[in-house]
Amino acid sequence: MTQAKLFTPIKAGDIALANRVVMAPLTRNRARAEDDAAYELHAEYYSQRAGAGLLITEGTQISPEGKGYAWTPGIYSEAQVAGWKKVTDAVHLKGGRIVAQIWHVGRISHTSLLDGQPPVAPSAIAAASRTFDGTGFVETSTPRALELTEISRVIEDYRKAARNADAAGFDGVEIHAANGYLLDQFMRDGSNKRTDAYGGSLENRVRLLGEVVEAVVEVLGAGRVGVRLSPFSNANAIEDSDPVALATAAVDRISGLGLAFLHMVEGQTGGDRALPEGADLAALKARFDGLYMANNGYDRQMALDAVEEGRADLVAFGKLYIANPDLAERLEKDAPLNAWDGDTFYGGGREGYTDYPFLDDKAA
Ligand code: 8OZ
């Protein structure tokens with residue numbers, strides 16, 4: 001039998017992957033409380049999963065201002081770079097590849113996570129959404145609109161995060177432009193009411209995405225950069241009057257640069273895969289010049305078929321990777337999978353994090 005394409009090597013830009021199974025970015029809220037750094041625990045968790053062709057880290061804030069939840073890791077301080085270096089070293093030792101997902105939450109935050117300051121956003125419009133502040137779920141705070149003169153500083157923060165990712169030994173970065181966070185807030189007309197060059201027309205609303213991508217590409221080279229989009233998702237109460245047109249504008253803005261991959265959340269994040277009328281994932285894939293990474297509710301057969309039929313070059317798995325450290329190996333063998341425990345997704349320590357069994361572990 002010939003080997004299924006899903007399990008064969010491929011190059012994502014400059015990054016050589018052993019297979020096309022990807023660990024999706026997954027917020028787990030286990031960073032060290034005193035400095036928002038990853039540490040040995042994260043090195044163990046990610047290196048357990050190094051059999052994936054590519055690991056994408058959990059969302060990692062580019063600045064204190066970009067934080068929206070308790071215990072998410074950052075990538076702006078020396079301690080955080082040192083913590084991530086432990087992770088990348090452990091993954092590389094096992095032959096894996098890992099990129100950092102760089103993240104600014106925009107309005108999806110709370111003053112208690114921001115030293116009493118309001119979150120920043122394209123416009124001063126609160127999201128009808130909640131966040132976790134370390135004690136419980138709270139309504140997100142009403143943001144203040146970023147001044148035009150502040151936008152270059154936000155782009156600088158992305159640039160610095162890319163430099164830090166390089167210093168921490170990452171193979172590249174994924175720019176988080178999905179799920180209703182800052183870059184998505186700029187793209188959607190429900191959250192962006194700006195009247196300057198960053199609001200109004202489609203061209204203006206995808207401007208910040210394009211400028212951030214270009215800044216990060218200047219640091220790392222395009223072949224080490226991917227972008228995650230979720231144009232048809234309403235995660236974090238994000239809305240647009242014409243998501244089909246916006247999706248095309250966003251993909252066109254980041255195409256032609258030689259990026260490594262476009263990571264597409266197909267449908268509602270973590271939910272329904274249904275698309276709005278007129279949405280066409282194959283057309284979006286065709287407009288992009290790098291690899292297309294599909295995500296959202298894929299199982300083994302869906303992934304095999306999508307790659308075999310050319311609908312995806314890579315497939316990212318989220319919850320299945322939480323529960324199966326050796327997911328790529330299990331999928332290849334068509335072995336049984338561990339079930340995930342939703343109670344330990346967010347926060348805590350080793351339990352539900354590094355203690356899921358491998359296929360060859362003896363039953364406890
Ligand atoms: C779940 C909980 C907190 C954050 C995303 C970074 O949706 C997240 C996230 C997911 O992209």
Side-chain angles (χ1 to χ4, degrees), residues 22-31 36 38 42 45-46 55-63 65-75 99-110 112-114 119 121 127-141 158 161 173-188 191 209 212 226-239 250 261-273 293-297 316-323 340-348 352-353:
V22 176
M23 179 183 172
L26 294 158
T27 289
R28 304 301 307 274
N29 308 77
R30 283 164 166 87
D36 290 347
H42 301 76
Y45 166 73
Y46 284 108
L55 306 174
I56 305 173
T57 71
E58 62 210 278
T60 298
Q61 59 263 11
I62 60 167
S63 59
E65 171 196 272
K67 178 177 178 175
Y69 305 83
W71 311 310
T72 56
I75 190 154
V99 298
Q101 193 197 49
I102 56 176
W103 187 32
H104 189 309
V105 296
R107 67 180 182 171
I108 306 300
S109 191
H110 190 268
S112 62
L113 294 159
L114 300 170
S129 189
R130 295 191 308 165
T131 181
F132 180 75
D133 71 354
T135 56
F137 286 92
V138 290
E139 297 289 318
T140 55
S141 304
Y158 277 98
V173 302
E174 172 176 279
I175 296 166
H176 192 344
N179 298 345
Y181 297 109
L182 183 72
L183 297 175
D184 207 11
Q185 290 158 31
F186 269 84
M187 286 193 268
R188 313 279 194 127
S191 46
L209 170 69
V212 165
V227 175
R228 193 178 207 210
L229 298 176
S230 61
F232 309 119
S233 175
N234 301 104
N236 283 308
I238 202 76
E239 282 176 345
F261 62 87
L262 166 61
H263 183 181
M264 186 68 73
V265 180
E266 299 174 342
Q268 298 296 334
T269 312
D272 194 348
R273 290 182 46 81
M293 182 188 298
N295 170 247
N296 207 24
F317 297 87
K319 291 188 283 283
L320 286 176
Y321 248 120
I322 289 180
W340 60 76
D341 173 10
D343 292 344
T344 50
F345 280 180
Y346 308 117
Y353 192 55

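Just so you know, ligand 1 is whichever comes first in the structure, and atom 1 is the first atom listed for that ligand. Since this is a predicted model, take the numbers as computed values, not measurements. Numbers here simply count residues along the sequence, with the first being 1.
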- Query: Is the backbone N or O of Ala70 less than 3.5 Å from a side-chain atom of Asn29, with the two atoms forming a donor-acceptor pair by type?
  - Reply: yes
- Query: Is it the case that Glu58 and Thr72 place a side-chain donor and acceptor less than 3.5 Å from each other?
  - Reply: no
So what's ligand 1 close to, N/O to N/O, under 3.5 Å?
unit_1: ligand 1; atom_1: 7 (O); unit_2: Asn179; atom_2: ND2; d: 3.1
unit_1: ligand 1; atom_1: 11 (O); unit_2: His176; atom_2: NE2; d: 2.8
unit_1: ligand 1; atom_1: 11 (O); unit_2: Asn179; atom_2: ND2; d: 2.7

- Does the Glu239 side chain pair with the main chain of Arg188, one donor and one acceptor, at a distance under 3.5 Å? no
- Task: Keeping the roles fixed (side chain from Thr60, backbone from Ile75), state whether a donor-acceptor pair exists under 3.5 Å.
- Result: no
- Would Trp71 and Tyr346 count as a close aromatic pair, with their ring centres under 6.0 Å? no
- Message: Counting C-beta onward and ignoring hydrogens, is there a side-chain heavy-atom pair between Glu174 and Ile102 closer than 4.5 Å?
- Response: no
